[in-house]
Amino acid sequence: MNVILDQRTSRAAPSERPPFQVSFEFFPPKTDVMEERFWASIGKLAPLNPRFVSVTYGAGGTTRERTLRLVSRIKSESGVDAAAHLTCVGATRSEVNAVVEGYRAAGVARIVALRGDPPAGVGQPFEAHPDGYASAAELVGGIRRLGDFDISVAAYPEKHPQSPDWSTDIDNLKRKLDAGATRAITQMFFDNDDYLRFVERARAAGITAPIVPGIQPIHSFRQISGFASRCGASIPDWLAERFEGLDDDPETHALVASAVAAEQVLELVDEGVTEFHFYTLNRSNLVLALARLLGVRPD
Ligand code: FAD
C-alpha cells in the first residue's frame, strides 16, 4: 500500500476529513434563453447548501437593477444565502450607498465589494468618479458605515495587474480587510503554487482572514484563456497543451476540463484548503462534479 497516498486529505474517509464549504458565482443573464440556464443552474447548485451564491455587477454598474433583482430572487426562491457584487465605477458615493441600502432593504446581507474596471477596459487606468469611492478599501469602509454586512473582497494570486510590486498588492488587500471585509476571494488561477505562495505572503504580512481560492472550470479553453489574459491570470504551457487541438472536439474537451479542474481542486484539498469559490459562468455541470469530489452533496 502507498503510505503517501493514504495521508492525502482528498483520500481520507468522510469522517476524517474537514467539512468543505463552497460558494458559487453567477453573472446576470442578458437574454431569456440565458436567464433560463441561469435559473436551471441555480436549481441544481442551491441544494448543495453553499455558503452563498453571488451575482456579479456589470462593468460600469450596468447591471445594477438586474443584480439586485436576481440576488433577491435567489434568496427568496431557493432559500440559499445570496451575495451581491458591487463596484465603485462611474458612481458617486451617495449613489453607491443607495445601492447598498437597496440590498439591505431586500434582505441581502452579503456584498462582494470591488473597485471595478474602467468602462474602457481592464487595461486602462482607473479614474474614480470625483465624488465616488476611489478603491475597494474605501468602498468596504463605506459599506461598513451603512450596516452590518458580510463583505468579501478580491485577491490576486498573480498580483493585481496595476500593483507595481508585491508589497503594494498585499498592503492593499490588508487595507480592505482592516476596513471591515471578512474574507478574500481570489481571481482565477491555474497554477496552485501561485495561490499557495500568495497565501504565504499574506500570512507573513499578518493577514489572518480566509483567502478562498476562486476556481474557474474551463468550459471553453478559448473563452477562458481570453478572460484570463484580460484579468492578468496566466495560462501555464502545460495547461494550454492539454487543450491543444480540442476546439472541434467538445466531448474530449469536456473530459479534459473536468480532469484539469478535479486535479486543481484535489491538490488544494491536500494542501489544507477547505473553502472554494467556483466561477460557474451560469453552468452547473462541472461545478456539480467538483462539489461531489469534495463530498458536498445535495441536502
Ligand atoms: P482594489 O482592491 O481597489 O485594487 C485595485 C488596484 O489598485 C490594485 O492594484 C491596488 O494595489 C491599487 N490601489 C488600491 N488603492 C490604491 C490607492 N489608494 N493608490 C494607488 N493604488 C491603489 N469586476 C466587476 O466589474 N464586477 C464584478 O462583479 C466583479 N467581481 C469580481 C469578483 C472577484 C472574486 C474578483 C477577484 C474580481 C472581480 N471583479 C469584478 C474584477 C475587479 O473589479 C477588478 O479586478 C478590478 O481591477 C480591481 O478591483 P479590486 O476590488 O481588486 O480593486
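The first residue of the sequence shown is numbered 1, and numbering continues consecutively from there. Whatever order the structure lists them in is the order used to number ligands and atoms, beginning at 1. Owing to the predicted nature of the structure, the values given are computational and were not obtained by experimental measurement.
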query: Got an N/O contact under 3.5 Å between D169 and ligand 1?
result: no
- request: Return yes or no for this condition: an N or O of T87 is under 3.5 Å from an N or O of ligand 1.
  value: no
message: If I apply the N/O under 3.5 Å rule, does A137 come out as touching ligand 1?
response: no
message: Regarding ligand 1, does T56 bring an N or O atom to under 3.5 Å of one of the ligand's N or O atoms?
response: no
message: Does ligand 1 come near enough to Q187 that some N or O of the ligand is less than 3.5 Å from an N or O of the residue?
response: no
query: Between L114 and ligand 1, is there a nitrogen or oxygen pair with a distance under 3.5 Å?
result: no
- prompt: Could an N or O of ligand 1 be found under 3.5 Å from any N or O of K176, whether backbone or side chain?
  reply: yes
message: Can you check which of T67, D171, N172 brings a heavy atom nearest to atom 10 (C) of ligand 1?
response: N172
message: Check this for me - ligand 1, Y57, N or O atoms closer than 3.5 angstrom, yes or no?
response: yes
query: Is there any N or O on T186 that sits under 3.5 Å from an N or O of ligand 1?
result: no
- request: Could you tell me whether Y279 and ligand 1 have an N or O pair separated by under 3.5 Å?
  value: no
query: With a 4.0 Å cut-off on heavy atoms, does G116 reach ligand 1?
result: yes
message: Could you check whether any heavy atom of Y156 sits closer than 4.0 Å to an atom of ligand 1, since that is the contact criterion I want to use?
response: yes
